[in-house]
> 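Handing you a structure now.
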Amino acid sequence: MNQTPYRLVVGLEVHVQLSTETKLFCGCSTTFGAPPNTQVCPVCLGLPGSLPVLNEKAVQLAIRTGLALNCKIAEVTKWDRKNYFYPDLPKGYQISQFDQPICGEGYLDFPDPDAPETTQRVRLIRAHLEEDAGKSMHDEVHGRADSKIDLNRTGTPLLEIVSFPDLTSAAAAKAYLTELRLLLTYLGVSDCNMQEGSLRADANVNLHIPVDGNDIATPIVEVKNLNSFRAVERAIQYEAGRQFELWKQTGKTIKDAPKQTRGWDDEAGVTKAQREKEESADYRYFPDPDLVPLRVTEAMLSQQKVVLGESPSAARNRLQVNLGLKPYDADVIVSQGQSMVAYFDGVVAGGADPKRSSNWIQQDVMRTLKENDLSVEQFPISAARLSELLRAIDASVVDNTRGKSIFQYLLEHDATIPDAMAALGIVQVDSSEIETLCKELIDENPKVIAEARAGNAKALGSLIGAARKKNANADAKVVRELLQKMIDAM
Amino acid sequence: MQLEILSAVQLGAMIAKREVSCREVSKYFLDRVHQFDSIVSAMVNVFDEATVMEQADQVDSRILGGEKLSPLAGLPITIKDVLCLEGLPTTCSSKMLQNFRPPYNATSVQRLIDAGMIVLGKTNMDEFAMGSSTENSAFFPSRNPWALDRTPGGSSGGSAVTVAAGMSPLSIGSDTGGSVRQPAAFCGVCGLKPTYGLVSRFGLIAFASSLDQVGPFAHHVEDLAAVLQVIAGHDPRDSTSLNVAIPDLTSGLNAPLKGLRVGVVREHQDHPALDPEISKAVQATQKLLQSLGATIEEVHLPNSRHSVATYYVIAPCEASSNLARYEAAHYGYRARMTTEASSKSSTSGRNPLEEMMVVSRSQGLGEEVKRRIMLGTFALSAGYSDAYYKQALKVRRLIANDYQQAFQKVDVLLGPAFPTPAFRLGEKIDDPVQMYLGDQFTVEANLAGIPAMSLPAGFTRDGLPLAIQLQAPQLQEARLLNVGHQLQRAGLFEPKIAGLV
Amino acid sequence: MNVSREDILKVASLSKLELAEAEFEVVASKFRNVLAFVEQLNEVDTTGVEEMAHPVDVHTVTRSDTLQESLDHDVALSNAPKSDGEFFLVPPVLG
Ligand SMILES: [Zn+2]
């Protein structure tokens with residue numbers, strides 16, 4: 001890592017769309033991709049006289065997330081209006097949570113990008129529920145035609161998770177976001193689909209520059225429009241460089257300038273200042289008189305604790321400590337999602353060796369999934385069947401090469417391992433047959449044996465092929481071991 | 001037969017017994033609307049005769065079919081134009097919503113329709129319910145049928161007028177700071193504001209959400225009870241709707257008042273602005289109650305003097321946000337953007353979108369509404385919110401506490417509804433503070449969320465209606481109606497139709 | 001408090017309203033009068049008093065996550081000042 005003449009300070013605000021059927025305050029669908037303005041009703045259109053009623057599922061998912069993020073869950077939470085005018089906000093205010101968010105302080109540990117065997121911790125300030133705005137489409141070409149407003153997304157439940165500025169590099173920000181997304185999908189609270197806008201991040205970035213033994217902080221910039229993990233990383237890197245150059249030129253510090261908002265232009269790879277009127281920052285928050293406070297009961301908490309399940313970090317830990325996987329291997333499996341962990345657990349539970357299970361899953365299973373664009377739930381070989389196959393390899397009933405053939409066969413046929421072996425003409429050879437075979441080989445290849453006795457370990461290799469010709473089912477490993485034993489005894 | 005002087009309950013019984021058809025009754029009142037509305041300007045939109053008759057015939061055939069309908073089935077009603085109703089525009093008497101057609105009915109309206117009532121049309125009001133005279137209507141002021149040069153009060157002025165002039169036996173309006181009770185008082189009819197949350201606000205176009213309530217107008221207290229019985233009750237579409245069982249509001253109307261503890265608020269009765277004739281009406285009511293076996297006690301509401309200021313911070317704050325939706329993007333008035341306006345956008349520094357919003361709002365909303373929006377925006381803005389909005393919420397608590405204490409000593413409170421009888425059109429329109437001060441006896445019930453009712457109490461020497469107000473603890477509507485009904489029977493007032501011919 | 005011309009213009013702008021020069025003084029003086037009137041609230045000692053945002057004690061009102069019918073597309077757009085039959089249309093942000 002390059003030494004920089006500054007310390008980067010980053011906090012992330014992450015908006016997560018919660019996986020509810022209906023919107024936060026009305027019964028309209030949240031399904032993505034419907035024709036414009038077809039998932040709207042008087043409430044989410046903001047028609048006069050309409051009133052919001054809170055979706056209990058959104059509350060449940062927020063509590064579940066808060067618990068998983070080690071947050072203090074509020075006993076009483078309430079709803080506030082954030083007032084600003086924009087045509088994709090039909091009521092002229094957004095219903096949000098101002099001073100009593102549903103989730104208070106918490107934290108998340110994530111794998112350290114610089115030292116993958118350890119973790120870093122980001123502290124969280126809060127997580128609150130709010131409704132999403134609609135979508136405005138502007139005339140990007142000339143800027144003169146009318147803008148089009150689609151209110152299908154208006155009122156979709158969002159959880160905004162705000163971190164402390166604990167992140168010290170672009171890579172760390174990306175790693176935190178990666179872990180957060182993984183956790184949210186494990187919890188089943190969001191599909192976290194960035195293309196569909198289910199996960200959106202804004203980054204607050206500034207620099208601490210040591211000058212004469214003191215840290216000088218540059219003005220904080222909020223970078224918006226980060227639509228991919230790569231964008232998060234690139235935008236933060238860019239912003240760090242930009243702020244440092246700017247500081248060198250102007251010497252402006254956090255005391256000289258208010259927080260600025262900049263948008264990330266992914267194509268150009270730069271952040272651009274966003275036009276903002278001074279008054280737009282005055283949101284005039286006040287408690288929404290149309291909604292009543294929410295009291296979070298013990299029952300509501302325990303209902304969510306029961307369904308929390310294993311977090312990615314707990315899964316990684318278990319795979320390493322209990323099952324002996326290397327951190328890297330544990331991480332690969334865990335990163336594939338909860339179903340992959342369940343599949344792995346199923347294979348191991350069937351009696352297969354954990355490391356062999358991990359190797360086969362990472363290579364054969366994941367490759368097949370990728371090639372065929374399948375999810376693990378759609379994978380044709382059940383965990384129990386794969387376990388049976390790996391057990392057969394563990395017990396040298398078949399060798400690894402034969403195992404791969406059986407694996408290929410199982411992808412297309414629903415068969416037991418013995419049936420698959422029979423279909424492929426694979427027969428387990430008994431030990432007396434192998435002994436006879438080896439004696440024949442020794443008798444027929446005196447030259448090779450002499451070389452082997454002289455210490456050339458590679459010499460035996462040529463005999464394995466010959467053994468296979470005599471009996472296709474002979475296990476190469478077993479043959480080699482027996483030959484060696486016989487030669488040693490000569 | 002003169003149907004307009006009958007109680008709605010009586011008239012409903014006649015319809016049920018087929019002594020008179022719903023068609024005849026509806027036609028009778030619709031004719032009176034056509035006859036008098038040009039004089040009093042109470043209605044914003046009226047259903048055409050064919051539509052009204054079709055509704056009426058449906059009810060008649062249901063009655064003929066032997067169906068058991070609500071006691072109000074077949075009775076005409078008018079609806080303040082702040083409540084959403086399919087089939088006509090719902091305008092809030094604002095240019096902003098002049099052509100707005102809601103695709104749904106307000107819950108309270110739907111319940112009236114489900115009960116078989118016949119909606120005649122929508123009544124005029126102060127724009128967005130902001131006002132006490134119906135002079136803030138963007139369309140025209142309504143006139144008091146007892147004195148045409150005077151206001152009918154507001155904001156539900158049109159509703160009060162339709163009942164007072166016998167254009168409809170019943171009406172419903174909304175009351176945010178007295179907007180049912182004060183026009184009822186000015187027009188010599190009964191008006192009730194229920195406990196906050198008793199009647200659903202779904203479909204009631206918001207002025208100040210934590211204060212707004214829907215309430216009925218009628219000539220007879222028993223009619224208020226009958227209408228409230230229909231519209232009250234939990235609505236899952238309104239989060240602030242109270243999930244409580246609604247008692248039978250009519251069965252207790254005749255309970256004797258012996259032992260009733262009545263409180264008279266010293267601060268109200270001693271108020272310097274109180275008209276002597278109204279003060280006397282309150283004293284007369286006090287005597288009448290005593291004669292019915294009630295005891296009178298003096299009570300104090302020490303924070304009463306701050307109630308108007310409290311109200312005029314909280315209501316504008318909520319209104320500033322509630323009316324932000326009128327941004328001319330999805331419904332409502334949009335100003336025609338001329339090239340002149342577009343070029344102005346460059347001088348104003350606004351982009352075309354902002355220019356459209358600003359010009360539409362500035363043209364589509366009236367002066368009083370705009371000023372209240374600005375006041376609320378100011379009181380909620382950074383640096384002022386603590387001193388104004390939050391302080392007002394605290395004083396509101398003190399006022400509510402005063403009431404709680406008072407109701408530990410007494411069952412109901414008796415006092416004036418408004419300091420004066422109906423004032424003249426134009427008399428106060430240029431002095432908002434004077435106009436607001438009139439609301440001092442009514443806003444407290446909204447701040448505290450309690451039920452309150454104004455009842456006619458005779459006439460001034462000049463022939464203007466006098467009125468008193470009764471207030472009760474939350475959810476004690478039955479008690480309030482019982483007292484009102486007994487007062488009516490004992491002769492506090494005789495229902496009268498203002499003669500316009 | 002003293003409310004300057006600039007304060008009033010700023011509040012109008014925050015409210016997305018504009019005041020014509022001809023009406024400014026009338027509106028401003030009424031605005032100042034009302035503000036002066038409500039300032040009496042500052043005299044009230046509210047130490048330790050809880051804010052009262054709701055007049056009744058109701059809490060934890062929720063609905064189940066069940067789909068309800070949305071409006072027909074043409075009904076949703078029926079009140080739109082301008083629409084292309086698919087979207088609500090508003091003037092552009094850029095001038
Ligand atoms: Zn909706």
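Here is the naming used below: chain letters follow the sequence lines, and residue numbers restart at 1 for every chain.
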> Go through the steps for A:L294 and C:T62 under the test side-chain contact (heavy atoms from CB on, under 4.5 Å), then give the verdict.
CA-CA 9 Å; A:L294 180 91; C:T62 57; 4.1 Å; yes
> Working to the nearest 0.5 angstrom, can you tell me the gap between C:L14 CG and A:F85 CZ?
8.5 Å
> Counting only non-hydrogen atoms closer than 4.5 Å, can you tell me which residues of residues 39-51 of chain C sit against chain A?
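The list, in residue order, is empty: none.
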> Quick check against the 3.5 Å criterion: does C:H59 have a side-chain atom that pairs as donor or acceptor with the backbone of A:V76?
no
> Need one label for A:D139: side chain, backbone, both or neither, based on atoms under 4.5 Å from any heavy atom in chain C.
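The answer is neither part of A:D139.
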> Please look at A:F25 and chain C and tell me whether the side chain, the backbone, both or neither of the residue comes under 4.5 angstrom of a heavy atom of that chain.
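The backbone, not the side chain.
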> Could you please state which residues from residues 63-91 of chain C sit under 4.5 angstrom from chain A, measuring non-hydrogen atom to non-hydrogen atom, sorted by number, or 'none'?
C:R63, C:S64, C:D65, C:T66, C:L67, C:Q68, C:S70, C:L71, C:H73, C:A76, C:L77, C:K82, C:D84, C:E86, C:F87, C:F88, C:L89, C:V90, C:P91
> Measuring heavy-atom distances to chain C, does A:P87 have an atom under 4.5 Å in its side chain, in its backbone, in both, or in neither?
side chain
> With a sphere of 6.0 Å drawn around NZ of C:K30, does it hold more than 12 non-hydrogen atoms of other residues, nucleotides or ligands?
yes
> Please state whether the side chain, the backbone, both or neither of A:K78 comes within less than 4.5 Å of a heavy atom of chain C.
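Contact with chain C is absent: no heavy atom of A:K78 under 4.5 Å.
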> By a 4.5 Å heavy-atom criterion (distance strictly below it), what part of A:L61 contacts chain C: side chain, backbone, both, or neither?
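Neither part.
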> Heavy-atom cut-off 4.5 Å, strictly under: side chain, backbone, both or neither for A:P35 against chain C?
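A:P35 has no heavy atom closer than 4.5 Å to chain C.
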> Does any part of the side chain of C:H54, heavy atoms only, come nearer than 4.5 Å to the side chain of A:P287, both counted from C-beta?
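A side-chain contact under 4.5 Å is absent here.
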> With only heavy atoms counted, which part of A:L291 is less than 4.5 Å from chain C, the side chain, the backbone, both or neither?
backbone
> Heavy-atom distances under 4.5 Å only: say whether A:C26 touches chain C with side chain, backbone, both or neither.
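Contact with chain C is through the backbone of A:C26 alone.
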